[in-house]
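Hydrogens, waters and symmetry mates play no part in the numbers below; they use all other heavy atoms, side chains included.
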Amino acid sequence: VQLQASGGGLVQAGGSLRLSCAASGFSLNRYPIAWFRQAPGKEREGVSYSRFSGGGPYYLGSVKGRFTISRDNAKNTVYLQMNSLKPEDTAVYYCAAAQRRLLTSLWALSDEYDYWGQGTQVTVSS
């Protein structure tokens, strides 16, 4: 079981990036998936969450309206489209999958997830 995150890079404020999280060894369409991020000196925080059936998606308040999580089941990949990027979005971004359905109130807790990608750096310059 493996998650491979990619798509990070350096972008100017106001720009866009699309992160990808490709799974191998299991089918993402049966798992809740989330994107987290961690900036230097800060706690890891949940950015977006996609349930595999019914409800959501869910977003961190500061990214709502700018970020969009989506799934391509045929490619076994989850995406995070990030628009109108701000310097405060600078962080290492991780994708994560849980082995069981999560309570919606717990989606942003990193301890709820069983599988993690390696992280991809997003840097937004002002």
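Of all non-hydrogen atoms in V47 and V63, the two that sit nearest each other are O-CG2, 3.7 Å. Listed here is the closest heavy atom pair of Q118 and Q4: NE2-NE2, 3.1 Å. Nearest heavy-atom pair across Y113 and P32 is CE2-O, 4.5 Å. The shortest non-hydrogen separation linking W35 to S20 is CH2-O, 3.6 Å.
Formation of a donor-acceptor pair under 3.5 Å by the R71 side chain with backbone atoms of S50 is found in this model. Between the side chain of Y93 and the main chain of A5, no donor-acceptor pair closer than 3.5 Å is present. A donor-acceptor pair under 3.5 Å is formed between the side chain of S48 and the backbone N or O of Y58.
A continuous path of ILVMFWY side-chain contacts below 4.5 Å connects L19 to Y115, so both sit in one hydrophobic cluster. F67 and W107 end up in different hydrophobic clusters when Ile, Leu, Val, Met, Phe, Trp and Tyr side chains are linked at under 4.5 Å. Both I69 and V122 are assigned to one and the same hydrophobic cluster, defined by single-linkage of ILVMFWY side chains at heavy-atom distances under 4.5 Å.
How far CD of E45 is from OG of S110: 11.5 Å, rounded to the nearest 0.5 Å. Distance check, rounded to the nearest 0.5 Å: OH of Y49 to CG of L109 gives 11.0 Å.
Taking the side-chain hydrogen bond (donor to acceptor under 3.5 Å, both in side chains) definition, one finds that Q2 meets it with nothing, sequence neighbours left out. For A23, the side-chain contact (heavy atoms from CB on, under 4.5 Å) partners are L3, F26, L28, N76, not counting sequence neighbours.
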Item to complete: Decide yes or no on side chain to side chain contact (heavy atoms under 4.5 Å, CB included) for F52 and N29, but give the supporting numbers first.
Response: CA-CA 6 Å; F52 60 86; N29 63 356; 5.8 Å; no

Worksheet item: Can F36 and W116 be said to form a ring pair (Phe, Tyr, Trp, His ring centres under 6.0 Å), step by step?
Response: CA-CA 10 Å; F36 285 77; W116 289 84; 5.1 Å; yes

Discussion item. If you apply the rule side chain to side chain contact (heavy atoms under 4.5 Å, CB included), what do you find for T123 with V11, and how did you get there?
Written reply: CA-CA 6 Å; T123 303; V11 64; over 6 Å; no

Do any side-chain atoms of residues 77-91 form donor-acceptor pairs under 3.5 angstrom with protein atoms, and if so which ones, sequence neighbours left out?
unit_1	atom_1	unit_2	atom_2	d
T77	OG1	K75	O	2.8
Q81	NE2	N83	OD1	2.9
N83	OD1	S16	OG	2.9
D89	OD1	R37	NH1	2.9
D89	OD1	R66	NH2	3.0
D89	OD2	R66	NH1	2.7
D89	OD2	R66	NH2	3.3
D89	OD2	K86	N	2.8
T90	OG1	P87	O	2.9
T90	OG1	V124	N	2.9
T90	OG1	V124	O	3.4

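Taking the side chain as every heavy atom from C-beta outward, R51 and T104 approach each other to under 4.5 Å.
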